[in-house]
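A short worksheet on the structure shown next.
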Amino acid sequence: MVIQDARVLRDEFIPKEVVHRDAEVQRLAETLEPITQGDKADNSLLFGPPGTGKTCIAQHTLEKLEKEQLDVKYHYINCWENYNRFKVLYKALEGIGKTLNVHRQSTPTDELLKRLRDYDQLPYVLILDEVDQLEDEKVLYDLYSAPNITMIMITNSESEFFNMDQRVRSRLMDSERIEFSKYSADELTDILSDRVEWGLYRDAIDRSRLRKVALSADGDARIAIGILRSAARKAEKESKEEITREMIQESVPDAKENQKQKNVEKLNKHQKALYDIVNEEGKIKPGELYEKYGKKVDEPRTKRMLRKYLNKMEHYRLIDSEGEGRWRVYKSKG
DNA sequence: TGTCCACTGGAAATAGAGGCCG
DNA sequence: CGGCCTCTATTTCCAGTGGACA
């Protein structure tokens, strides 16, 4: 037996103590300080590469705040999954239990917003993860103008995020910005050993092997934990008592592919067809791509729609493109 | 210099789904 | 049930872009 508590190895797990992010935790806590007086705090923007602890710290800080201070509410919203105005507002209302008798289709979005604005019980903090994935950032403006709501926005790229509607941007400019950088191999090793302590049996893995995992993850904690999880499962499957270096080695590609795979699964058949063609060709001009696509599926969508799909896939980092206008070329990743 | 070409992406129009209400 | 809403997905229409070519 290797795994003691599988929950600890999941992506969503939030540790009780966060290691190697003291400065960031401190800054976030200071920014949120007014909330302890029952006021609205400044919004914050956490940015940095994937797997650097942004989401984890936001949730951890709020969880702690809620525990110490009963009169705060917070809610986590993933903007990848809730990418439009209605969905975000609906989720936000869910967090304060005001969705009663809001019935999905028949209530206008403005009504949702009105309810949020009218809410004045307790300070309400919204964690908006992957906020750059929103189809239309105007919803941020809506939330900005709600008197009691404080936002914690999370994004990979600060510059991409601010590449938005002028009016929304000018409001969000004064958010507290907190930058996260990649973890070093030593830091990652510490994070892993923290997880191991709660999640695995003591002798399953030692520090030098954890360091091997850390080195393969290139500063990304999510990948590091993914490698560990996958290696632990292998050990479990083979009924071994410990995780070997070979198991770790084999798990590296699994873990790295994993994230991308998740996104590919969300594509519909038209998007998948485009994705496959781009990958087969490696590099392809739009006209040719549309033509191949047309032969490949029944009931093809119009070119305009395909352009929308391609944009989306590029945004999700499933494909690449280069060149503007007439010189555009779509490319497979990597 | 003017016209054509191959492509992009915004905006408006349309279709269809699901819920509300009399 | 039928009329009325709103939402999302999709189509239709089109102005804009900048190199090629006569």
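Values in this document were obtained by computation on a predicted structure and should not be read as measured data. So that the names make sense, note that chain A is the first sequence line, chain B the second, and so on, each numbered from 1.
Residue Glu314(A) contributes atom CD, which lies 16 Å from atom P of dC7(B) at whole-angstrom precision. Here dT6(C) presents its P atom at 13 Å from CZ of Arg85(A), a figure rounded to the nearest Å. In this structure, the CG atom of Asn84(A) is 16 Å from the P atom of dT6(C), given to the nearest Å. Whole-Å rounding puts the Asn82(A) CG to dT8(C) P distance at 12 Å. dA11(B) atom P lies 11 Å from atom NZ of Lys308(A), rounded to whole Å. Counting to the nearest Å, the C1' atom of dA9(C) and the CG atom of Leu306(A) are 14 Å from each other. Whole-Å rounding puts the Arg301(A) CZ to dT8(C) P distance at 18 Å. Look at CD on Glu299(A): it is 13 Å from P on dG16(B), rounded to the nearest Å.
For Arg307(A) against dC7(B), a side-chain-to-base donor-acceptor contact under 3.5 Å is absent.
Each of Arg304(A) and Pro286(A) was matched to the nucleotide of DNA chain B holding its nearest heavy atom; the match closer to the 5' end belongs to Pro286(A).
With salt bridges taken as basic N to acidic carboxylate O contacts below 4.0 Å, none links Arg328(A) and Glu322(A). Checked for salt-bridge contact, Arg207(A) and Asp190(A) meet the test: a charged N lies under 4.0 Å from a carboxylate O. Using a cut-off of 4.0 Å between Lys/Arg side-chain N and Asp/Glu carboxylate O, Lys54(A) and Asp129(A) are scored as not salt-bridged.
Between Tyr330(A) and dC7(B) there is no side-chain polar atom (N or O) within less than 4.0 angstrom of OP1 or OP2. For Asn311(A) and dG9(B), the shortest distance from a side-chain N or O to OP1 or OP2 is below 4.0 Å. Contact annotation: Tyr90(A) does not reach the phosphate of dT6(C) (side-chain N/O to OP1 or OP2, under 4.0 Å). A close approach under 4.0 Å does occur between a side-chain nitrogen or oxygen of Arg328(A) and OP1 or OP2 of dG9(B).
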I would like to know whether His75(A) and Tyr124(A) meet side-chain hydrogen bond (donor to acceptor under 3.5 Å, both in side chains); could you show each step before the answer? CA-CA 8 Å; His75(A) 196 63; Tyr124(A) 186 29; 4.6 Å; no
Working note: Thr31(A) + Asp42(A), criterion side-chain hydrogen bond (donor to acceptor under 3.5 Å, both in side chains); need CA distance, chi angles, decisive distance, verdict. CA-CA 6 Å; Thr31(A) 308; Asp42(A) 282 342; over 6 Å; no
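Of the listed nucleotides (dT8(C), dG18(C), dA9(C)), dA9(C) has the atom at the smallest distance from the side chain of Met305(A). Of the candidates dT8(C), dT8(B), dT11(C), the closest approach to any side-chain atom of Phe86(A) belongs to dT8(C). Closest to the side chain of Tyr290(A), from the set dT11(C), dT8(B), dG9(B), is dT8(B).
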